[in-house]
Amino acid sequence: MSDTRHGGDRPTPRTVLRGARLVDARGDHGIHDLWLAGGSVEGIDLGGDAELEIDARGLVATPAFLDPHVHLRTPGQEEKEDLASGLAAAAAGGFGTVVSMANTDPVVDDPAIVADLAAQAAALGLARLRPAAALSVGLKGERLADYAALRAAGAVMITDDGIPVVDSHLQRRACEYARELGLVIQTHSEDPSLRQGGVMHEGAVSHELGLPGNPAEAESIMIFRDCEVARMTGARVHVAHVSSERGMRVVEWFKAQGAPVTCEVTPHHLTLTDEAWRAFDPVIKVAPPLRTADDVAYLRDAVRRGVVDCLGSDHAPHTRAEKDRDALRAPFGLPNIEVAFPLLYTDLVLAGELDLARLLELLQGGVARVMGWPAPTLAAGTPADVVLLDLDTEAAVDPAAFLSKAKFSPWEGRALRGWPRVTLVAGRVAFSRAR
Ligand code: DOR
């Protein structure tokens with residue numbers, strides 16, 4: 001994960017984070033000065049001169065978060081997001097590394113695009129970018145992309161996310177190829193023939209509102225297929241954005257059999273329900289859709305029980321004009337990477353439903369395990385990717401202040417705690433917010 005080119009030729013000042021409470025996967029280490037040098041953690045309570053001193057009193061210092069699932073819309077859809085805005089938004093959310101999805105225009109199915117994304121992102125020096133590449137050429141679900149060449153160019157994951165792979169034989173071949181190369185396949189598990197034109201969860205609310213529904217079974221059936229093919233081929237398959245109780249139960253069933261599957265949940269599926277559609281604002285139109293309160297309760301329980309491996313934001317920016325269309329024509333997806341931690345800290349940890357350590361695990365070690373990366377800690381010698389979290393100050397979500405180009409949010413105005421104050425990547429400040 002260490003990347004000496006990150007941030008280009010900018011100098012890396014020897015930095016001290018004064019008086020932070022240090023928390024990582026090894027535990028709560030209490031209050032110390034954390035020293036960073038040369039892009040790595042140097043150690044705690046060291047002496048000597050600091051070129052940069054950050055007052056971290058009252059803040060928690062912990063490894064910057066990892067996100068296996070973001071849409072940065074580059075190349076080709078830069079009116080929605082670009083690398084500079086998306087990676088700045090990620091850093092503002094406390095993320096030091098994100099995996100970008102391949103459903104761009106052109107699709108990331110060409111090694112040259114992968115290499116270009118990685119090089120452009122490294123020069124920015126914001127959050128680190130690890131590109132995913134497409135499972136099928138052009139996301140058409142017909143021919144496999146060249147995973148060996150894509151991996152050689154820097155792709156860390158294979159996925160047609162946004163578009164389900166309909167052809168089960170193609171999914172099998174993709175899994176066999178990815179397994180040979182040790183690449184993770186991420187699924188978008190929805191059966192399009194059952195989903196039809198559904199724009200929201202199919203149930204009492206969709207019937208009442210008269211909007212086309214997308215049943216939970218469209219998800220659970222496809223998760224079953226995807227997990228069965230994972231088991232059959234031995235490929236590492238990561239089930240993205242599980243939204244329903246039935247879908248999660250299928251993942252659990254396969255995990256109990258030792259199938260090589262992992263899964264993620266999103267901030268929105270953990271905090272919002274289909275009742276939000278009563279406002280008829282397609283800001284909450286996402287795929288898979290927001291489900292019922294019972295589904296949310298089940299997902300939260302699966303998080304607590306350790307069935308859920310990690311969080312994936314599925315940060316999916318669109319223009320305001322696109323999201324202002326009606327419920328049928330607005331695109332699926334919402335921006336959330338800048339509020340993911342405060343939202344979950346407030347709604348789950350402060351509400352007494354989840355330990356802080358478990359939430360951090362979902363954003364750090366859990367993602368690393370899914371991706372086959374080293375677990376991030378604050379140990380000396382590890383990359384200096386660190387976030388300083390303010391767990392005390394309450395502030396309202398203000399989409400106008402988002403660094404993402406998508407300046408709208410279903411959580412607008414919500415008073416949250418847990419705001420990232422500073423994010424350092426490779427020992428340099430990638431984001432800071434005044435106290
Ligand atoms: O809501 C979503 N938006 N779900 C996806 O899977 C794709 C994403 C997008 O690309 O906008």
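Basis for what follows: all heavy atoms, side chains included, without hydrogens, waters or symmetry-related copies. Atoms within a ligand are numbered from 1 in the order they appear, just like the ligands themselves.
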Taking the six-membered ring for Trp, are His241 and His188 parallel (under 30°), tilted (30 to 60°) or perpendicular (over 60°)?
perpendicular
Which residues satisfy the side chain to side chain donor-acceptor pair (under 3.5 Å) test with Arg369, sequence neighbours excluded?
Glu361
Do the charged groups of Lys140 and Asp109 touch, with an N to O distance under 4.0 Å?
no
Other residues, nucleotides, ligands: >12 heavy atoms within 6.0 Å of Arg246 CZ:
no
Quick one, list the residues around ligand 1 where some non-hydrogen atom comes in under 4.0 Å, by chain and residue number.
His71, Arg73, Asn103, Asp161, Gly162, His188, His241, Val286, Ala287, Asp314, Ala316, His318, Phe332, Gly333
Arg320 atom CZ: more than 12 heavy-atom contacts under 6.0 Å
yes
Under 3.5 Å side-chain donor-acceptor pair for Arg428 and Thr12
yes
